[in-house]
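Worth knowing before you read on, the calculation uses all heavy atoms, side chains too, and leaves out hydrogens, waters and symmetry mates. None of the values given here were measured: they were computed from a predicted structure.
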Amino acid sequence: MNVEEMKYFSNELLKWYDQNARILPWREHPSAYRVWISEVMLQQTRVNAVKPYFERFMKECSTIQDLAHISEDKLLKLWEGLGYYNRAKNLKRAAQIIEEKFGGRLPSDRKCLQSLPGIGPYTAGAISSIAFGHKVPAVDGNVLRVMSRVLANKEDITCTAVKKEIEKIIYKILPEKRAGDFNQALMELGAVICVPNGAPKCTACPLSPICQGYQQGIEEKLPIKAKKKKRTIEKKTIFLLVYEEYILIRQRPNKGLLSNMWEFPNVEGYLSNQKCKEKMQQWKIDVKQILPLNSSKHIFTHKEWRMIGYLIIINKKPKELKGIWVTKQQILDKYSIPSAFQHYLKILFLQ
DNA sequence: AAATCGGGGAT
DNA sequence: ATCCCAGATTT
């Protein structure tokens with residue numbers, strides 16, 4: 001791209017953004033804290049999914065100081081259902097570091113931001129440019145797609161080298177004045193016009209006159225991405241253990257998948273009705289009634305849980321069982337249960 | 001470089 | 001079913 005085209009790129013993109021920017025909660029009085037929280041929530045997560053979480057989070061935890069001292073229960077509850085729960089833990093850790101080492105204020109420098117947990121190359125660039133106006137790129141999936149089309153670049157955008165190459169090009173195009181708007185505009189264009197999976201809306205695109213992919217008629221073949229590997233399948237049997245108005249839940253380990261989230265007791269594999277009875281004996285549970293429940297499945301990025309379940313009404317609270325007995329209300333108020341268990345959680349609430 | 005980590009909406 | 005999302009971190 002020559003200098004003229006880069007000027008055109010920047011000018012037309014900003015002009016388009018001025019007329020088409022969506023009204024989003026984090027764009028209202030965008031403090032560094034609000035930009036930070038929104039950008040972390042938006043990692044691999046769609047705008048519409050984030051909106052309600054962002055507004056609730058800001059009500060319940062409106063400053064860095066609040067965040068540095070929030071309880072884990074409350075933090076996970078605010079994040080419940082959003083996914084990638086390490087994001088929430090990293091937010092709190094970063095808030096504590098910001099209090100200790102940065103005087104309670106977010107740094108503006110990109111490299112400095114990137115030293116904080118949960119803030120990588122993209123998020124550091126986004127905060128630095130959007131909240132502080134620094135001239136730094138913020139290259140996310142949208143930007144990679146838009147640029148691979150504009151440049152008709154047929155390299156694999158999942159490669160680190162290609163990402164760095166795009167960052168360099170963006171840096172050259174970035175305007176001195178409105179770097180934050182430019183970065184947001186490029187992402188917005190990717191989300192609204194230069195969409196993935198099928199036909200981008202090139203006739204409505206301000207960059208089509210300089211888009212090489214469009215002019216070569218290969219825009220729908222771009223970007224090039226390596227194929228993902230298949231998901232592994234895991235079978236599980238879920239137990240809804242109910243004693244009077246209490247239900248047994250347990251906390252997952254603090255590492256790995258859904259770490260520190262709460263779940264219903266479960267075992268690997270499908271247990272028959274008979275094997276389920278035996279398992280209850282093994283756990284020394286005084287069973288009153290066993291009811292088989294409908295199967296359910298939950299798809300993660302890299303694995304798939306196929307589940308069956310049993311509703312088990314019991315006569316006495318067993319002592320030595322791992323977990324805690326809670327009411328439905330306590331689950332709603334305090335304990336975070338991931339969406340994977342939604343099917344069985346719903347059954348519980350029908351009881 | 002590849003694997004891990006969630007959940008949901010669009011196609 | 002597959003893809004992808006305002007990615008980061010660990011292996």
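- Among the nucleotides C:dA1, C:dA6, C:dC4, the one closest to any side-chain atom of A:Leu42 is C:dA6.
- To the nearest whole angstrom, the two C1' atoms, one in C:dC5 and one in B:dA1, are 22 Å apart.
- Between A:Tyr243 and A:Tyr246, the angle of the ring planes stays under 30°, which puts this pair in the parallel group of the 30/60° scheme.
- Using a 4.0 Å heavy-atom distance criterion, A:Leu24 is classed as a base contact.
- Looking at heavy-atom distances under 4.0 Å, A:Gly190 makes no contact with the nucleic acid at all.
- Contact annotation: side chain of A:Arg145 to base of C:dC4, donor-acceptor pair absent below 3.5 Å.
- When the side-chain nitrogen and oxygen atoms of A:Tyr85 are compared with OP1 and OP2 of B:dG7, one or more of them lie within a distance under 4.0 Å.
- Side-chain N/O atoms of A:Lys229 include one lying less than 4.0 angstrom from OP1 or OP2 on B:dT4.
- Comparing A:Lys297 and A:Ala124 against DNA chain C, the residue whose closest nucleotide sits nearer the 5' end is A:Lys297.
- Here A:Arg93 lies out of heavy-atom contact (under 4.0 Å) with every strand.
- In this structure, a donor-acceptor pair under 3.5 Å is absent between the side chains of A:Arg34 and A:Ser62.
- Taking only side-chain atoms of A:Thr301, from C-beta outward, the nucleotide of B:dG8, C:dA6, B:dG6 with the closest atom is B:dG6.
- In summary, of the residues considered (A:Thr237, A:Val287, A:Ile290, A:Val267), a side-chain contact (heavy atoms from CB on, under 4.5 Å) with A:Cys276 occurs for A:Ile290 alone.
- Side-chain atoms of A:Thr160 lie closest to B:dA1 of the nucleotides C:dC5, C:dA8, B:dA1.
- Listed candidates were C:dA6, C:dC5, B:dC5. Nearest to the side chain of A:Lys303 is B:dC5.
- OP1 or OP2 of C:dG7 has not a single side-chain nitrogen or oxygen of A:Gln43 nearer than 4.0 Å.
- Of the listed nucleotides (C:dT9, C:dA6, B:dG8), C:dT9 has the atom at the smallest distance from the side chain of A:Asn90.
- Between A:Tyr84 atom OH and C:dC5 atom P the separation is 12 Å, expressed in whole Å.
- Here A:Thr158 lies out of heavy-atom contact (under 4.0 Å) with every strand.
- The A:Asn197 side chain lies nearest to C:dC3 when the options are C:dA1, C:dC3, C:dA6.
- Heavy atoms of A:Ile119 sit under 4.0 angstrom from primed sugar atoms or phosphate atoms, though from no base atom.
- Rounded to whole Å, the distance from CD1 on A:Ile166 to C1' on C:dA6 is 16 Å.
- Of the listed nucleotides (B:dC5, C:dT2, C:dG7), C:dT2 has the atom at the smallest distance from the side chain of A:Arg231.
- Rounded to the nearest Å, the gap between the P atom of B:dA3 and that of C:dC3 is 16 Å.
- The shortest distance between the side-chain N/O atoms of A:His302 and the OP1/OP2 oxygens of B:dT4 is not below 4.0 Å.
- Taking a cutoff of 4.0 Å between a charged side-chain nitrogen and a carboxylate oxygen, A:Glu165 and A:Lys168 do not qualify as a salt bridge.
- Which of B:dG6, C:dA8, C:dA6 sits closest to the side chain of A:Pro121 comes down to C:dA8.
- Distance, A:Lys164 NZ to B:dA1 P: 9 Å, rounded to whole Å.
- The residue among A:Pro338 and A:Cys159 whose nearest nucleotide of DNA chain B lies closer to the 5′ end is A:Cys159.
- Closest to the side chain of A:Ala340, out of C:dC4, C:dA6, B:dG7, is B:dG7.
- A:Gln43 and A:Thr123 form a side-chain donor-acceptor contact under 3.5 Å, judged by distance and modelled atom types alone.
- A salt bridge links A:Arg27 and A:Glu188; the closest N-O separation between the charged side-chain nitrogens and carboxylate oxygens is under 4.0 Å.
- Residues A:Gly198 and A:Ile299 each lie close to DNA chain B; by heavy-atom proximity, the contact nearer the 5' end of the strand is made by A:Ile299.
- Rounded to whole Å, the distance from NZ on A:Lys227 to P on C:dC4 is 12 Å.
- Summarising the geometry, the separation between NZ on A:Lys163 and P on C:dG7 is reported as 9 Å, rounded to the nearest angstrom.
- For a distance-only test at 3.5 Å, the side chain of A:Thr45 fails to qualify as a donor-acceptor partner of the base of C:dG7.
- A donor-acceptor pair shorter than 3.5 Å cannot be found between the side chains of A:Glu80 and A:Tyr335.
- Look at the P atom in both B:dT4 and C:dA6: the space between them is 24 Å, to the nearest Å.
- Side-chain contact, A:Asp73 with A:Ser71: no donor N or O sits under 3.5 Å from an acceptor N or O.
- Residue A:Asn86 contributes atom CG, which lies 12 Å from atom P of B:dG7 at whole-angstrom precision.
- Comparing the P positions of B:dG6 and C:dT10 gives an interatomic distance of 14 Å, to the nearest angstrom.
- In terms of position along DNA chain C, the nucleotide closest to A:Pro223 lies nearer the 5' end than the nucleotide closest to the other residue of the pair A:Pro223 and A:Leu116.
- Atoms CZ (A:Arg46) and P (B:dT11) sit 9 Å apart, rounded to a whole Å.
- In this structure, the nucleotide among B:dG6, C:dC4, C:dA8 sitting nearest to the side chain of A:Phe300 is B:dG6.
- For A:Phe54 and C:dA6, the CZ to C1' distance is 13 Å, given to the nearest whole Å.
- Regarding contacts with the backbone of B:dG7, a side-chain N or O of A:His298 is found under 4.0 angstrom from either OP1 or OP2.
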